[in-house]
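Values reported hereafter were calculated over all heavy atoms of this structure, with side chains retained and with hydrogens, waters and symmetry mates removed.
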Protein chains: 2
Amino acid sequence: VQKSKSNKSITYSNRGMTLEDDINQSNLYYLDTAIAVIHKKPTPVQIVDVHYPKRSAAVIKEAYFKQASTTDYNGVYKGHYIDFEAKETKNKTSFPLKNFHDHQITHMKQVLSQKGICFVLLRFSLTDEVYLIDAAFLIDAYEDQTERKSLSKQTIETNGYLISLGLAPRLDYLSIVQKVYLT
Amino acid sequence: VQKSKSNKSITYSNRGMTLEDDINQSNLYYLDTAIAVIHKKPTPVQIVDVHYPKRSAAVIKEAYFKQASTTDYNGVYKGHYIDFEAKETKNKTSFPLKNFHDHQITHMKQVLSQKGICFVLLRFSLTDEVYLIDAAFLIDAYEDQTERKSLSKQTIETNGYLISLGLAPRLDYLSIVQKVYLT
Ligand SMILES: [Mg+2]
Ligand SMILES: [Mg+2]
């Protein structure tokens, strides 16, 4: 939904859109403009029972959510493998590390060891700020949780990259990827 | 399931395993040995109704299969983006192109335009032969269907690469990728 350009205070306002919505819209823009091919992976589901009614589509009657073994998004940008996870918090001053799971951290390490570009997009929903944090930094923080159980906002500001909000793409994270990893 | 090594004629026999099984097992081997990080994407499902019983997992009560917008597999190998689709046929002398869908061909074009490594793995199930065919070749054949509606076995033998079957990995397609795209 593209908002009016006449009122600047709402033009870039994002209230009500989830981080996932914003990323999906941005990925569609990247795809349409031949900038990159990045998709969200489908939610993994364990299918138990399927009915096949005559003359209509198969209906899944029983299924369960499975834990994903990877991150949410991956794809290709100028030949480079791109892989990231998106998370948001309603906290104001820190990002709790419990938002991440062991298997996601493991996957990020595996991607880094294959020289993929790997990061997380963290959104502070109340202020609508989205930061890109490199996976290596996140992994270090995650594995050093004896003291801190979260990343402070200041740590994120210092070590991450604020992504500017726009209309198309809504969240231009690839311009940050270009700057941080490819320049 | 690893079969007996004493009888060579069955050691590498694959009867009953689907191409997908073989690829998944090979990907697990690649992951465990830090050769590559390649996963099958989950089957996309449109979830309509979910129940949340007390003290047990959420149950999906109504859902439908959605058409995938991409190929089956992707990931990263030595920094390179890898993307492929796997298909099998019971035909002996040709591979019908109706096995592919427009959106898959579109996705392959998009990946190629981003300089990703993109191909298909085609299996002739009756003889258990698996060939790697470059996406560019497949796209040309797909778009030139006025005359032929399938790839002849001979065309595949001439333009594709036979993948040797083994135990670990069962289907060493990355050694072909290395040879074809990276040497
Ligand atoms: Mg997420
Ligand atoms: Mg397939």
Side-chain angles (χ1 to χ4, degrees), chain A residues 24 27-28 30-53 56-83 106-118 174 181, chain B residues 24 27-28 30-53 56-83 106-118 174 181:
Chain A
N24 293 346
N27 286 344
L28 198 57
Y30 290 142
L31 194 65
D32 286 346
T33 54
I35 290 172
V37 182
I38 297 170
H39 290 276
K40 181 169 195 307
K41 288 176 206 163
T43 305
V45 154
Q46 177 76 47
I47 297 167
V48 174
D49 186 26
V50 184
H51 287 206
Y52 298 93
S56 59
V59 190
I60 298 164
K61 287 292 200 180
E62 184 185 355
Y64 298 89
F65 294 101
K66 281 199 296 188
Q67 190 154 75
S69 50
T70 65
T71 45
D72 286 339
Y73 294 89
N74 76 354
V76 58
Y77 168 63
K78 296 183 181 174
H80 300 280
Y81 177 78
I82 304 287
D83 190 302
T106 300
H107 175 72
M108 289 178 201
K109 284 185 191 177
Q110 289 166 339
V111 168
L112 290 181
S113 83
Q114 283 302 319
K115 301 187 172 53
I117 293 175
C118 192
L174 283 180
Y181 297 100
Chain B
N24 293 345
N27 286 344
L28 198 56
Y30 291 141
L31 193 66
D32 286 347
T33 54
I35 289 172
V37 181
I38 298 170
H39 290 276
K40 182 170 194 308
K41 288 175 208 166
T43 305
V45 154
Q46 178 75 46
I47 297 167
V48 174
D49 186 27
V50 184
H51 287 207
Y52 298 92
S56 60
V59 190
I60 298 164
K61 287 292 200 180
E62 184 186 354
Y64 298 89
F65 294 102
K66 281 198 296 187
Q67 190 154 74
S69 50
T70 64
T71 45
D72 285 340
Y73 294 89
N74 75 354
V76 58
Y77 168 62
K78 295 183 182 173
H80 301 279
Y81 177 78
I82 305 286
D83 190 301
T106 301
H107 175 74
M108 290 178 200
K109 284 186 191 176
Q110 289 165 340
V111 168
L112 290 180
S113 81
Q114 284 302 320
K115 301 187 171 55
I117 293 175
C118 192
L174 283 181
Y181 297 99

Peer 1: Taking C-beta and beyond as the side chain, do A:Tyr64 and B:Val59 meet within less than 4.5 Å on heavy atoms?
Peer 2: yes
Peer 1: Could you grab the distance from atom CD of A:Gln110 to atom CD1 of B:Ile38, nearest 0.5 Å is fine?
Peer 2: 12.0 Å
Peer 1: Would you say the side chain of B:Lys61 lies within less than 4.5 Å of the side chain of A:Glu62, judging by non-hydrogen atoms?
Peer 2: no
Peer 1: Kindly indicate whether the side chain of B:Val76, heavy atoms from C-beta on, has any atom under 4.5 Å from the side chain of A:Asp83.
Peer 2: no
Peer 1: State, to 0.1 Å, how close A:Val45 and B:Ile47 come at their nearest heavy-atom pair, and which atoms those are.
Peer 2: CG2-CD1, 4.3 Å
Peer 1: Less than 4.5 Å apart, any side-chain heavy atom of A:Asn74 and any of B:Asn74?
Peer 2: yes
Peer 1: Output the option from B:Ser113, B:Gly116, B:Ala36 having the highest count of non-hydrogen pairs under 4.5 Å with chain A.
Peer 2: B:Ala36
Peer 1: Need one label for A:Ile35: side chain, backbone, both or neither, based on atoms under 4.5 Å from any heavy atom in chain B.
Peer 2: backbone
Peer 1: Using non-hydrogen atoms only, which part of B:Val50 is less than 4.5 Å away from chain A: side chain, backbone, both, or neither?
Peer 2: side chain
Peer 1: Do you know which of A:Pro44, A:Ala58, A:Pro42 has the most heavy-atom pairs under 4.5 Å to chain B?
Peer 2: A:Pro42
Peer 1: Is there a side-chain contact between B:His39 and A:Lys41 (heavy atoms, below 4.5 Å)?
Peer 2: no
Peer 1: Under 4.5 Å heavy-atom distance to chain B, tell me which part of A:Thr70 shows up: side chain, backbone, both or neither.
Peer 2: side chain
Peer 1: Could you tell me which of B:Ala34, B:Gly79, B:Ala63, B:Ser69 has the largest number of non-hydrogen atom pairs under 4.5 Å with chain A?
Peer 2: B:Ala63
Peer 1: Please classify the contact of A:His51 with chain B as side chain, backbone, both or neither, using a heavy-atom distance under 4.5 Å.
Peer 2: neither
Peer 1: Measure the CD-OH distance between A:Gln114 and B:Tyr77 for me, rounded to the nearest 0.5 Å.
Peer 2: 8.0 Å
Peer 1: May I ask you to name which of A:Gly75, A:Ala57, A:Ala68 has the most heavy-atom pairs under 4.5 Å with chain B?
Peer 2: A:Gly75
